[in-house]
Amino acid sequence: AIGDLVLDLHDLADVAPPLGVDPSLLRAPDLAALLGTAPGTWRTLRHAIFDLLVSPEDPGLGEQCLVPAGQAAMVLPCRIGDYTDFYASIYHATNVGSMFRPTNPLLPNYRYIPVGYHGRASSLVGSGTPVVRPSGQLPGQAEEQPPTVGPTRSLDYESEVGVLIGGENAMGTSVPIGEAADRIFGLCLVNDWSARDIQKWEYQPLGPFLGKSFATSLSPWIVTRDALIPFRIPAMVRPAGDPLPLPYLADPNDQATGGIDLALDVTLLTPAMQARGEEPFHVSRARFADLYWTVAQMVTHHTSNGCNLRPGDLLASGTVSGPEPTMRGCLLERTWRGTEPLRLPTGEMRTFLEDGDVVELRGTCQREGSVTIGFGGCTGQVVGAIV
């Protein structure tokens, strides 16, 4: 993305001089083949495209490959082979734990391992894809009542960041923490839609299942690891008394540069707001830098048992939240399990999402002396259940 334009790599392969990489990588149907190459190839292509676009020798060459964004159909950036969702925000984990386990919000393992679960790759969808309200087993209204089956009454979003994996490690081998950065092709935005009532009923003892697998939205853009270098900052400082990461998760360079100065905004637009011409309601702004675990630690822990991560695999951060109410990255937290409803400009109240609501995630990296980088939007509109 270049402002309101899109650079078409297919066209670029046809008209540009040699870019230092195999042209078939540009002509492929998606970015999966490029993700299968080495970091040096990603860097070579990025630099060649930059030089081409700013070249004084042929300033019109790059323009031949630019398409207005409004004319482009946005799709998933690549085929996602596998999907793992982490739980890397200690603020989110503590908030949710406080709701269900007030005296013991964080389980003992949280400060030692990046907790995650295996998500569903088949229901990953591109930004703009409608999200059908899921149906499932819902807990009874009282503890002694049996469950019922019907559309979720507690549909939620989760504001997350996704990590697209490049390269591959052989099954049975792990990725050392000092080498994990080379497996990170880039980042995108992820909305892991959640049916909280279905999730509450099913999650014990094996974790999320049907309350999560009906839809997960991805932004169409991947912001490369190299493009994020100006926004690298130290990892979150652990509170006094917390254990240090175990040796296989500990790396001085990762602690010095493993955080990313990325702001995550969530807005909500209801049908009534749309009808009145209202602007979307700003629900929250969180900081990706507030994660307890770094992206590299997630990669290393994921492979520590010999799991082979492949090109195009997706790791998501889990809900990104912060210490203040306006930094909570989902409605479960933002409305504190429905006890503190959001009051919208139309006078409407929201505890969870209703049919017709549009949720948009946006990400921005901004630091003095650096060019601001936007992550584009990750949008989804809730539509009624299919019954």
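All heavy atoms count here, side chains included; hydrogens, waters and symmetry mates do not.
Not one N or O on the side chain of Glu360 forms a donor-acceptor pair closer than 3.5 Å with the backbone of Thr379. The closest donor-acceptor contact from the side chain of Glu158 to the backbone of Cys330 lies at 3.5 Å or more, if one exists at all. For the pair Glu202 (side chain) and Leu210 (backbone), a donor-acceptor distance under 3.5 Å is present. With Arg334 contributing its side chain and Val283 its backbone, the two residues share a donor-acceptor pair below 3.5 Å. No donor-acceptor distance shorter than 3.5 angstrom exists from the side chain of Arg362 to the backbone of Thr267, with no hydrogens or angles considered. Side-chain N or O atoms of Arg111 include none that pairs as donor or acceptor with a backbone N or O of Arg238 at under 3.5 Å. Judged purely by atom type and a 3.5 angstrom limit, Trp193 has no side-chain atom pairing as donor or acceptor with the backbone of Leu155. For Gln71 (side chain) and Pro68 (main-chain N/O), no donor-acceptor pair under 3.5 Å exists by modelled atom type. A donor-acceptor pair under 3.5 Å is absent between the side-chain atoms of Ser217 and the main chain of Cys378, judged by distance alone. For Arg337 (side chain) and Met99 (main-chain N/O), a donor-acceptor pair under 3.5 Å exists by modelled atom type.
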Practice item. Please test Leu309 against Thr84 for side chain to side chain contact (heavy atoms under 4.5 Å, CB included), starting from the C-alpha separation and ending with a verdict. Key: CA-CA 10 Å; Leu309 292 179; Thr84 300; 5.8 Å; no
Point to revise | Evaluation steps, side chain to side chain contact (heavy atoms under 4.5 Å, CB included), between Leu314 and Leu218 | key: CA-CA 10 Å; Leu314 174 71; Leu218 271 66; 4.0 Å; yes
Practice item. Decide salt bridge (Lys or Arg N to Asp or Glu O under 4.0 Å) for Glu179 and Arg183; before the verdict, give the C-alpha distance in whole Å, the side-chain angles of both, and the deciding distance to 0.1 Å. Key: CA-CA 8 Å; Glu179 300 174 15; Arg183 298 298 306 279; over 6 Å; no
Point to revise | Stepwise side-chain hydrogen bond (donor to acceptor under 3.5 Å, both in side chains) check, Gln199 with Ser194 | key: CA-CA 8 Å; Gln199 181 184 358; Ser194 302; 4.6 Å; no
Check your understanding: Between Asp192 and Tyr83, does a side chain to side chain contact (heavy atoms under 4.5 Å, CB included) hold up when you go through it step by step?
Key -> CA-CA 11 Å; Asp192 187 35; Tyr83 165 45; 3.5 Å; yes
Check your understanding: Should Cys65 and Leu7 be marked as a side chain to side chain contact (heavy atoms under 4.5 Å, CB included) after you check the CA-CA gap, both sets of side-chain angles, and the distance that decides it?
Key -> CA-CA 6 Å; Cys65 310; Leu7 181 68; 3.7 Å; yes
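Under the 4.5 Å side-chain heavy-atom criterion for grouping Ile, Leu, Val, Met, Phe, Trp and Tyr, Leu315 is not connected to Trp42 through any hydrophobic cluster. The cluster map of Ile, Leu, Val, Met, Phe, Trp and Tyr, joined by side-chain heavy atoms under 4.5 Å apart, puts Met298 and Val190 in different clusters. Leu76 and Val6 fall into different hydrophobic clusters, where Ile, Leu, Val, Met, Phe, Trp and Tyr side chains are chained together by heavy-atom contacts under 4.5 Å. No single ILVMFWY cluster, assembled from side-chain heavy atoms under 4.5 Å apart, contains both Trp221 and Leu34. Ile260 and Ile177 fall into different hydrophobic clusters, where Ile, Leu, Val, Met, Phe, Trp and Tyr residues are linked whenever their side-chain heavy atoms come under 4.5 Å apart, directly or through other members.
Once rounded to the nearest 0.5 Å, the distance linking CG of Leu53 with CD1 of Ile49 reads 7.5 Å. Atom CZ of residue Phe288 and atom CZ of residue Phe375 lie 8.5 Å apart, to the nearest 0.5 angstrom. Atoms CZ and CG, on Arg27 and Asp11 in that order, are 10.5 Å from each other to the nearest 0.5 Å. Note that OG1 of Thr37 and CG of Asp22 are 10.0 Å apart. Values are rounded to the nearest 0.5 Å. Distance check, rounded to the nearest 0.5 Å: CD1 of Ile198 to OG of Ser154 gives 9.0 Å. Between atom CZ of residue Arg350 and atom CG of residue Leu344 there is a gap of 6.0 Å, rounded to the nearest 0.5 Å.
Within 6.0 Å of CG on Leu244 lie no more than 12 heavy atoms contributed by other residues, nucleotides or ligands. Counting non-hydrogen atoms of other residues, nucleotides and ligands closer than 6.0 Å to CD of Glu279 gives a total of 12 or fewer. The 12-atom threshold is not exceeded at CZ of Phe209, counting heavy atoms of other residues, nucleotides or ligands nearer than 6.0 Å. Around the CZ atom of Phe100, the shell of radius 6.0 Å holds more than 12 heavy atoms that belong to other residues, nucleotides or ligands. Counting non-hydrogen atoms of neighbouring residues, nucleotides and ligands closer than 6.0 angstrom, the CD atom of Gln274 exceeds 12 such neighbours. Environment of CZ in Arg343: sparse, with no more than 12 heavy atoms of neighbouring residues, nucleotides or ligands closer than 6.0 Å. Around the CZ atom of Arg46, the shell of radius 6.0 Å holds more than 12 heavy atoms that belong to other residues, nucleotides or ligands. A 6.0 Å sphere centred on CE of Met349 holds more than 12 heavy atoms belonging to other residues, nucleotides or ligands.
When all heavy atoms of Ser304 and Ser174 are compared, the pair lying nearest together is CA-CB, 4.0 Å. Between Ile80 and Ala121, the closest heavy-atom pair is O-CB, 3.8 Å. The heavy-atom pair separating Ser127 from Ser219 by the smallest distance is CB-CA, 4.3 Å. Closest non-hydrogen pair, Pro245 versus Gln297, comes out as CG-NE2, 3.8 Å. Of all heavy-atom pairs between Val223 and Ala227, the closest is CG1-CB, 4.1 Å. Closest of all the heavy-atom pairs between Arg287 and Asp261 is NH2-OD1, 4.4 Å.
Just one residue in the list Leu187, Asp182, Val295 forms a side-chain contact (heavy atoms from CB on, under 4.5 Å) with Arg225, and that residue is Asp182.
Met236 is not listed as a side-chain neighbour of Trp293, based on a closest heavy-atom distance of 4.5 Å or more. Under the 4.5 Å side-chain criterion, counting only non-hydrogen atoms from C-beta, Glu160 is not in contact with Thr216. Contact annotation: the side chain of Leu31 approaches that of Leu9 to within less than 4.5 Å [non-hydrogen atoms, C-beta and beyond]. Taking the side chain as every heavy atom from C-beta outward, Thr326 and Ser284 never approach each other to under 4.5 Å. Residues Leu262 and Phe231 have side chains not in contact (no heavy-atom distance under 4.5 Å, counting atoms from C-beta outward). Between Tyr91 and Val320, the closest side-chain pair of non-hydrogen atoms is not below 4.5 Å. Side-chain contact between Val382 and Val359: absent, with no pair of heavy atoms (C-beta onward) separated by less than 4.5 Å. Side-chain atoms of Val131 and Asn191, non-hydrogen and from C-beta on, never get closer than 4.5 Å to each other.
Between Glu324 and Arg285 no salt bridge is recorded (no basic side-chain N to carboxylate O distance below 4.0 Å).
Below 30°, between 30° and 60°, or above 60°: for Tyr87 and His92 the angle between ring planes is above 60°, a perpendicular geometry.
Side-chain N/O atoms of Asp197 and Thr152 include a donor and acceptor closer than 3.5 Å. Side-chain polar atoms of Asp226 and Thr224 form no donor-acceptor pair below 3.5 angstrom. No side-chain N or O of Thr303 forms a donor-acceptor pair with one of Asn169 less than 3.5 Å apart.
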